[in-house]
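Worksheet: the structure to be examined is printed underneath.
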Amino acid sequence: MTEPELLVPLTPDAAHPVSLVCIPHAGAGVASFHPWRELGGLAALWAVRFPGRESRVFEPPLTSIEDMAEALAPLVSEIAARTIVLFGHCSGALVAYEVAARLAQRRSSAADLLLVLSSQPAPFGRPQPAGRGIAGLSPADFADRLRALGGTPDVVLNNPQMMALMEPTIRADLLAVERYRPPAREALPYDIVVMAGRGDHAVPADSLQAWQDCTAGSFRIEWFDGQHFFVSEDGKAVVRYLAELLRSIG
Amino acid sequence: MPETGQRTAGAFTEQELATIVLQTWQRALKNSQLGPDDDFFTAGGDSLLVDEVTAAIAAATGIEIPVVTLFINPTATEFADAILELAGTGGTGHDRT
């Protein structure tokens, strides 16, 4: 069956006044947001499937955060909602920020926007990658890196067939994050909520706080139990929190 | 090769295979409402579940199924069809890495 390729509706009620648009972590697609369908009464739920994953596994991945945002921004601006909550996890957080910057610049969306960003340092003053960058990692070292970060099951890491399919896309996404150097720009007119795992050693707390400089609106950090992938580790608390958030704007 | 037009996969008819595939997917995705034309990934299928259902259906049918099969055939209908092709050609019996 032919599906909408980039922005996939996960709940049928696309006419809801609030839309929650979910941008996944490096290498991931729409499946990771399936548990969030229970938010369906509170918002229309959309998830992003970039080329190179899931049913698009053989399409070459986009290689920069800006390219991903360019592809996504027009679709987000077409959503007929009063409020759009843009959620991005890991690499997806940077894509969400870049989409928001485009919408702010073009004033192309009548909707209010709220940015919810998780497990990702702010765009400016980003910590340099420790040791060799992603591009210099052998497949074995890259697998070790993913293992240390969590989020990629051992069944996948230990399956050469699976890794052959997934590694190029995960690598392309992480490389895009590593190379991302946004232009200096004014703070966005949108509120920002940062979500973070208390045990996430990959993302220092001050780099999360630095997101505050990206908004002229309100800012707060919400902490959850878990590490880089607290969104699934502490999944129930995350859904509870998002439900509360959506109710407050609904 | 049977020339009756009735395709088979191992010991199974096309119909039986379609049922095996759909029921395996429904169990793995914990969704008894999943239809034969629903997208596996949109229905919550992640890489772990790709591996699980591919292995389960390979075990049930005795047909070697490369992991890539589900990615390029993301509905139960397409996946069952791909297995019939695999069974017909016997092309992937020995190259599973």
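Note that the coordinates shown come from a computational prediction; the quantities given were computed from them, not determined experimentally. Lettering follows sequence order; numbering is per chain, from 1.
- The two residues A/Q161 and B/V68 come nearest to each other via the heavy atoms OE1-N, 4.3 Å.
- Along residues 22-31 of chain A, the residues that come nearer than 4.5 angstrom to chain B, judged on non-hydrogen atoms, are A/V30, A/A31 in order of number.
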**Q.** Test log, rule side-chain contact (heavy atoms from CB on, under 4.5 Å), inputs A/R56 and B/F41
**A.** CA-CA 11 Å; A/R56 309 185 70 185; B/F41 301 100; over 6 Å; no
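- Residue pairs meeting the side chain to side chain donor-acceptor pair (under 3.5 Å) criterion with at least one partner in residues 26-45 of chain A, sequence neighbours excluded, are A/H34-A/R37.
- With a 4.5 angstrom heavy-atom cutoff, A/F58 touches chain B only via side-chain atoms.
- With sequence neighbours excluded, the residues that form a salt bridge (charged side-chain N to carboxylate O under 4.0 Å, His left out) with A/E167 are A/R171.
- Sorted pairs that involve residues 227-243 of chain A and meet salt bridge (charged side-chain N to carboxylate O under 4.0 Å, His left out), not counting sequence neighbours, are lacking altogether.
- Atom OG in B/S47 sits 9.0 Å away from atom CG in A/L157 (nearest 0.5 Å).
- Other residues, nucleotides and ligands contribute over 12 non-hydrogen atoms within 6.0 Å of the CZ atom of A/R198.
- Rounding to the nearest 0.5 angstrom, the gap separating the OG atom in A/S55 from the CG atom in B/N73 is 11.0 Å.
- In this structure, the side chains of A/R49 and B/T42 come closer than 4.5 Å at one or more pairs of heavy atoms.
- Residue A/E54 comes nearest to B/F71 through the heavy atom pair O-CD2, 3.4 Å, listed as atom of the first residue, atom of the second, then distance.
- Within the 4.5 Å cutoff, the side chain of A/N159 has heavy atoms near those of the B/V67 side chain.
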